[in-house]
Amino acid sequence: VLALAAALVATSGLSVWLAMRARTPLPEARVALVELLPQDSRTRTAAGSDTAATRIDRRVTTTLLLVTDRAEAWDEVRVRLGDPAVAQPQWQASGLAPAAGGAYALLLPAGALRPGEVGIELEGRIGSDWARIARYRVVVAP
């Protein structure tokens with residue numbers, strides 16, 4: 001009888017706990033996927049600048065899909081995001097592996113970049129030599 005009463009109390013407690021958790025709303029996922037083509041392959045105006053820069057929201061975790069047509073077998077691939085004129089990038093990652101089709105997927109955490117225009121440099125290493133694979137441009141919205 002005591003075991004049955006204990007099981008009844010435990011089951012009731014578990015039911016109440018699960019019902020309370022079910023009412024708690026889960027945080028909404030805020031992830032955006034942005035496919036970027038190399039800056040050199042974008043349509044250019046007569047002045048030679050890009051017709052439009054890709055915009056991303058700095059408050060949202062964003063997956064950048066860096067599309068490239070270079071098919072070399074790189075020993076290592078790295079990416080740097082920031083102002084190319086400044087030596088220290090705002091954000092960087094190394095050890096990137098190509099996805100299907102040769103694109104590189106990069107998960108950029110929310111708040112990783114300051115608002116404004118950002119250059120993205122994708123570089124590959126063969127042996128000890130680094131070469132630019134592609135360059136991209138995005139505008140980070142506040």
Side-chain angles (χ1 to χ4, degrees), residues 3-142:
L4 182 60
L8 183 60
V9 168
T11 304
S12 298
L14 181 60
S15 298
V16 169
W17 181 74
L18 287 174
M20 288 176 54
R21 280 192 52 142
R23 283 188 234 144
T24 306
L26 295 174
E28 184 179 322
R30 297 188 333 154
V31 177
L33 175 64
V34 179
E35 183 175 339
L36 296 177
L37 297 173
Q39 188 174 13
D40 296 337
S41 69
R42 289 179 181 241
T43 305
R44 297 182 179 278
T45 62
S49 63
D50 290 291
T51 56
T54 302
R55 297 182 66 83
I56 61 173
D57 186 343
R58 73 179 304 269
R59 299 167 298 170
V60 175
T61 298
T62 306
T63 301
L64 301 177
L65 188 58
L66 307 175
V67 178
T68 176
D69 58 358
R70 298 208 37 197
E72 289 90 343
W74 306 101
D75 295 333
E76 181 181 1
V77 174
R78 68 183 179 199
V79 65
R80 298 175 187 206
L81 289 80
D83 184 351
V86 178
Q88 184 64 30
Q90 291 183 41
W91 196 85
Q92 61 186 2
S94 58
L96 275 68
Y104 293 87
L106 179 66
L107 183 65
L108 186 64
L113 300 174
R114 294 185 296 272
E117 188 171 321
V118 174
I120 302 174
E121 296 282 334
L122 185 65
E123 300 174 318
R125 180 181 60 80
I126 297 177
S128 61
D129 297 324
W130 285 93
R132 181 186 309 145
I133 299 172
R135 181 178 14 178
Y136 311 87
R137 186 172 71 105
V138 297
V139 174
V140 179

Which salt bridge (Lys or Arg N to Asp or Glu O under 4.0 Å) pairs, counting each pair once, include a residue from residues 86-95, with sequence neighbours left out? none

Quick test of your reading: applying salt bridge (Lys or Arg N to Asp or Glu O under 4.0 Å), list the pairs with at least one residue in residues 90-106, sequence neighbours left out, ordered by first then second residue. none

State, with a plain yes or no, whether a side-chain heavy atom of Leu64 is found less than 4.5 Å away from one of Val79. no

Taking all non-hydrogen atoms of both residues, which atom of Leu107 and which atom of Pro109 are closest, and how far apart? O-CD, 3.5 Å

Looking only at non-hydrogen atoms, find the nearest pair between Tyr136 and Leu36 and report the distance. CE2-O, 3.5 Å

Would you mind listing every side chain to side chain donor-acceptor pair (under 3.5 Å) that reaches into residues 117-130, with sequence neighbours excluded? Glu76-Arg125, Arg78-Glu123, Glu117-Arg137, Glu121-Arg132

Taking only distance into account, with no hydrogens and no angle test, what donor-acceptor pairs under 3.5 Å do side-chain atoms of residues 90-106 form with protein atoms, sequence neighbours excluded?
from	atom 1	to	atom 2	distance (Å)
Gln90	OE1	Arg114	N	2.8

Within a strict 4.5 Å, meaning less than it, do heavy atoms of the Val77 and Leu122 side chains meet? yes

Salt bridge (Lys or Arg N to Asp or Glu O under 4.0 Å) pairs touching residues 88-105, sequence neighbours excluded, are none

d(Gln88 CD, Arg80 CZ) to nearest 0.5 Å is 8.5 Å

